[in-house]
Amino acid sequence: MKKLLVSMFALGAFTAPAMAADLYTPMEPIPFSWNGLYVGGHIGYGWGDKDWTLVENAGNEPSNRIGDVVTSHDVDGILGGVQLGYNHQINSIVIGAEVEFSWTGIDGTGEWLAEGGNPDTPERNASADINWLLTVGPKLGFAMERTLFYAEGGLAVADEDFSHLGNNNNFYTGSDTRTGWFIGAGAEHAFDDNWSARVEYNYVDLGSSEVSVSREADGGTRTAIFDVDQDLHVIKVGLNYRF
């Protein structure tokens, strides 16, 4: 009897792990998903150019430069801000939308000679300073697990301050909030289920728009009008948190 009990115990000791192994089914890892709402911040650098065409000289002063591009100059500077967006993933395709707001230090100044290009007359200049830039639009991406490649585009809005140093060192100022469009592309990588980092490029076209700059004079307000054409290139790095 004692030998029988020992044999049964030994048999159970060997067969129990095998039975347990047959009952255990390993769980497959849950695939990563880009679904959901996210918020984040970014910092970057922007550059571009502006063309100033004289439309109307200040007051009734005659000018033979009407219709001429009086100056073309570069603008550049840093920018930084926040973004808010939403993604929906279908297999490897990710569709979404995003709004991004940036405060910028992008600015620049151009100079030109006065009537007839006479070198004996004082130089004129025109300056532009972009205060902020807003972009909003859809996104379309392709996900490779935790890495997302995407393209985007849509509406662009910029708020700018303008100034002009004119005849007799008279100083004119103005501002404008103008709209245009943008396109871009980027790549984003998720380090865990919530945090991800990205790098992105945008081309922003704000088109051509008339800008008025004015000054107070003895006879009232004097105004000069320029048609300003501009575009921007922007590179940004950012960090996002997904809910």
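If you're wondering where the values come from, they're calculated on a predicted model, not measured in any experiment.
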How about Asp193 and Arg146: do any of their side-chain heavy atoms sit closer than 4.5 Å? yes
Taking C-beta and beyond as the side chain, do His42 and Leu79 meet within less than 4.5 Å on heavy atoms? yes
Which atoms form the tightest heavy-atom contact between Gly46 and Ile106, and what is the distance? CA-CD1, 3.9 Å
Is it true that the side chains of Gln83 and Asn240 contain a donor and an acceptor less than 3.5 Å apart? yes
How are the rings of His233 and Tyr201 set relative to one another: parallel (under 30°), tilted (30 to 60°) or perpendicular (over 60°)? parallel
Under a 4.5 Å side-chain heavy-atom rule over Ile, Leu, Val, Met, Phe, Trp and Tyr, are Tyr86 and Leu84 clustered together? yes
Which atom names give the shortest non-hydrogen contact between Val228 and Arg178, and what distance separates them? O-NH2, 2.8 Å
Taking the side chain from Asn35 and the backbone from Gln89, do they hold a donor-acceptor pair closer than 3.5 Å? yes
Donor-acceptor pair, side chain of Asp205 and main chain of Gly207, under 3.5 angstrom: yes
What about the rings of Trp195 and Tyr38, do their centers lie closer together than 6.0 Å? no
Could you check whether the rings of Phe32 and Trp34 sit parallel, tilted or perpendicular, using 30° and 60° as the cut-offs? perpendicular
If Ile, Leu, Val, Met, Phe, Trp and Tyr residues are connected whenever their side-chain heavy atoms lie under 4.5 Å apart, and connections chain through other members, are Trp112 and Val69 in the same group? no
Would you give the length of the straight line joining atom CD of Glu56 to atom CG of Asp227, rounded to the nearest 0.5 angstrom? 13.0 Å
Minimum heavy-atom distance Thr71-Ala126, with the two atoms named: CG2-CB, 4.4 Å
Filter on salt bridge (Lys or Arg N to Asp or Glu O under 4.0 Å), then keep only pairs touching residues 72-100, sequence neighbours left out; what's left? Glu98-Lys139, Glu98-Arg198, Glu100-Arg198, Glu100-Lys236
Heavy-atom closest pair (Gly108 atom, Val75 atom, distance to 0.1 Å) is N-CG1, 3.6 Å
Flag the pair Val211 / Ile225 as yes when at least one side-chain heavy-atom distance between them is below 4.5 Å, and no otherwise. no
Any Glu200 side-chain heavy atom under 4.5 Å of Glu152 side chain: yes
Which of Tyr172, Phe171, Trp52, Phe226 passes ring-ring contact (aromatic ring centres under 6.0 Å, His included) with Phe162? It is Trp52
Taken to the nearest 0.5 Å, the spacing of Glu145 CD from Ser33 OG works out to 11.0 Å
Rounded distance (nearest 0.5 Å) linking atom CG of Asp161 with atom CG of Asp129: 6.0 Å
Rounded to the nearest 0.5 Å, how far apart are OH of Tyr203 and CZ of Phe182? 13.5 Å
Quick one: pull up OG in Ser196 and OH in Tyr241 and give me the separation to the nearest 0.5 Å. 11.5 Å
So do Thr221 and Glu216 actually touch side chain to side chain, heavy atoms under 4.5 Å? yes
Compare every heavy atom of Ala156 with every heavy atom of Leu206, then report the nearest pair and how far apart it is. CD2-O, 4.2 Å
Using a 4.5 Å cut-off on heavy atoms from C-beta on, say whether the side chain of Val237 contacts that of Ile43. yes
Mind checking whether Trp181 and Leu140 sit in one hydrophobic cluster, side chains of I, L, V, M, F, W, Y counted as touching below 4.5 Å? no
With a 4.0 Å cut-off on N to O distance, would you call Arg242 and Asp192 a salt bridge? no
Pair Thr177, Trp132 - check side chain to side chain contact (heavy atoms under 4.5 Å, CB included), show working. CA-CA 9 Å; Thr177 300; Trp132 53 259; 4.1 Å; yes
Check each of Val55, Asp176, Thr53 against Glu210 using the side-chain contact (heavy atoms from CB on, under 4.5 Å) test, and report the only one that passes. Val55
What I'd like to find out is whether the side chain of Phe142 reaches to under 4.5 Å of the side chain of Ile93, using heavy atoms alone. yes
Would one find more than 12 heavy atoms of other residues, nucleotides or ligands at under 6.0 Å from atom CG of Leu37? yes
Is a donor on one side and an acceptor on the other found under 3.5 Å between the side chain of His164 and the backbone of Asn125? yes
Mark yes or no for whether Thr104, through its side chain, and Ile130, through its backbone, hold a donor-acceptor pair below 3.5 Å. yes
Please report the C-alpha distance between His189 and Phe191 in whole Å, then the side-chain angles of each, then the deciding distance to 0.1 Å, and finally whether the ring-ring contact (aromatic ring centres under 6.0 Å, His included) criterion is met. CA-CA 6 Å; His189 182 76; Phe191 295 102; 5.3 Å; yes
Thr109 versus Ser127, closest heavy-atom pair with distance: OG1-OG, 2.7 Å
Roughly how far, to the nearest 0.5 Å, is the CD atom of Glu188 from the CG atom of Leu148? 6.0 Å
Is there a path of hydrophobic side-chain contacts, each under 4.5 Å between heavy atoms of I, L, V, M, F, W or Y residues, that connects Ile78 with Trp103? no
Check the hydrophobic clustering (I, L, V, M, F, W, Y; side-chain heavy atoms under 4.5 Å; chains of links allowed) and say if Ile183 and Leu155 are grouped together. no
